[in-house]
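Below is one structure, written out as structure tokens; the observations come after it.
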Amino acid sequence: MVSVTVYSEDDREYLSDALDLCREYEQLLSKTVEGSDVWRINHAGGTPTEVEPRTAELIETALYYSELSGGAFDITIAPLTALWDFKSDNPSLPKESDIEDALPLVGYRKVELDGNTVTLQDKMEIDLGAIAKGYIADRLSDYFKENGVERALINLGGNIVTVGEKANGKWSIGVQVPFEDRNVIEGVVRTGEGSVVTSGIYERYFKVSDTVYHHILNPETGYPATSDLLSVTVISEKSVDGDALATALFLLGMEEGKQLIESMDGFGAVLISENGEATVAGDVDFARE
Ligand code: ADP
Ligand code: MG
């Protein structure tokens with residue numbers, strides 16, 4: 001879901017331009033849109049694909065976060081995500097043999113990126129789902145700033161980017177209590193211009209005999225990652241970093257996740273553990289409810 005609020009006199013035009021930008025990037029980065037850069041990479045059958053500089057740049061950033069997270073974050077996860085259907089009304093577990101067959105196709109080190117040319121091994125695929133929304137939110141923010149919009153709030157499915165400052169102080173962005181109604185919050189992140197991204201397992205999951213199967217997968221096992229966290233909210237300047245990091249921190253879990261964010265300058269996080277407790281790490285102004 002996309003929600004954009006612009007505080008400006010010409011707001012209608014800005015809003016339709018923002019949605020056009022979303023569509024433009026969907027045509028470039030979606031795995032399912034036939035002919036998109038990502039679609040062409042995934043259907044190249046092992047041959048090199050030339051893509052737009054914007055696509056190459058985003059893949060480069062994604063590979064950086066793979067390194068940084070020790071391989072937990074991995075856009076070559078696609079052959080595994082294809083086996084899991086989190087949207088079905090009647091979900092079932094993938095066959096173990098299918099997961100075993102897909103595992104050798106996963107591994108970010110096998111992605112060759114040379115300038116704007118991307119080469120995967122045959123049958124490998126990439127999925128930018130854990131980073132693209134952040135990247136696109138940044139592009140909307142750039143567009144608003146270039147056009148003199150003084151204040152805007154962008155929300156691309158949980159990737160929130162603010163433009164400018166709130167008239168009477170800082171923006172307040174709620175951090176939800178996992179598995180509760182959307183309006184039940186742990187507390188509020190207060191921020192100036194920048195990005196607040198949440199990755200959680202409570203938006204897309206299914207249950208089979210009381211076990212929760214969610215959409216963030218462990219690239220080594222092919223199954224939903226076991227983590228001692230329910231959600232991670234990352235506060236950063238750019239949303240592309242926040243998006244990748246929110247997913248990466250979830251995969252790393254409380255201790256390693258906390259350490260990683262504290263080692264990075266200008267980043268902060270609110271990590272919600274299994275028992276629902278919020279832990280604050282790094283550079284963040286968080287007011288508990
Ligand atoms: P959301 O899309 O719900 O906002 P995320 O940013 O955490 O949440 O991205 C989750 C998506 O990323 C999944 O739906 C899947 O497409 C992809 N994904 C799943 N596991 C991984 C992983 N280990 N590394 C990178 N991407 C992943
Ligand atoms: Mg993400």
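From a predicted model like this one, the values you see are computed outputs, not experimental measurements. Counting convention: from 1, in listed order, for ligands and their atoms alike.
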Query raised in the report: Is the charged tip of Arg139 near the ring of Tyr135: under 6.0 Å from the six-membered ring centre and within 45° of its axis?
Result: yes
Query raised in the report: For atom 26 (N) of ligand 1, which candidate among Ala130, Gly158, Gly157 provides the closest heavy atom?
Result: Ala130
Requested in this report: Name the closest protein heavy atom to atom 23 (N) of ligand 1, giving the residue it belongs to and the distance to 0.1 Å.
Outcome: Leu217 O, 2.8 Å
**Report entry** Interatomic distance, Thr211 atom OG1 to Tyr213 atom OH [nearest 0.5 angstrom]
**Finding:** 4.5 Å
**Report entry** Considering all heavy atoms, the nearest Asn147-Tyr14 contact
**Finding:** O-OH, 3.2 Å
**Report entry** Salt bridge Glu100-Lys95, side-chain N to carboxylate O under 4.0 Å
**Finding:** no
Report summary line: Closest heavy-atom pair, Val280 versus Val284, reported as atoms and distance to 0.1 Å, is CG1-CG1, 3.3 Å
Query raised in the report: So, Thr55 and Asp37: side-chain donor and acceptor under 3.5 Å apart, yes or no?
Result: yes
**Report entry** Residue part near ligand 1, for Ile216, under 4.0 Å between non-hydrogen atoms
**Finding:** both
Report summary line: For Leu251, the ligand 1 atoms with a heavy-atom partner under 4.0 Å come out as 23 (N)
Query raised in the report: Among protein heavy atoms, which sits nearest to atom 16 (O) of ligand 1, and what does the distance come to when rounded to 0.1 Å?
Result: Asp127 OD2, 2.7 Å
Query raised in the report: Are Lys31 and Glu26 ion-paired here, with the side-chain N under 4.0 Å from a carboxylate O?
Result: no
Query raised in the report: If you measure every N/O of Thr198 against every N/O of ligand 1, is any gap under 3.5 Å?
Result: no
Query - Residue Ala72 vicinity, atoms of ligand 1 by number, heavy atom under 4.0 Å - result: 22 (C), 23 (N), 24 (N)
Query raised in the report: Protein N, O or S atoms at less than 2.8 Å from the Mg ion (ligand 2), how many?
Result: 4
Report summary line: If we number the atoms of ligand 1 from 1 as shown, the ones under 4.0 Å from a heavy atom of Lys133 are 1 (P), 2 (O), 4 (O)
Query raised in the report: Taking atom CD1 of Ile59 and atom CG of Leu128, what is their separation to the nearest 0.5 Å?
Result: 6.0 Å
Report task. For atom 3 (O) of ligand 1, grab the closest protein heavy atom and report residue, atom and distance to one decimal in Å. Result -> His215 NE2, 2.8 Å
Query raised in the report: For His214, which of Trp84, Phe206, Phe250, Phe179 qualifies under ring-ring contact (aromatic ring centres under 6.0 Å, His included)?
Result: Phe250
Query raised in the report: Any N or O of Thr247 that comes nearer than 3.5 Å to an N or O of ligand 1?
Result: yes
Requested in this report: State if Glu203 counts as touching ligand 1 under the rule of any non-hydrogen atom under 4.0 Å.
Outcome: no
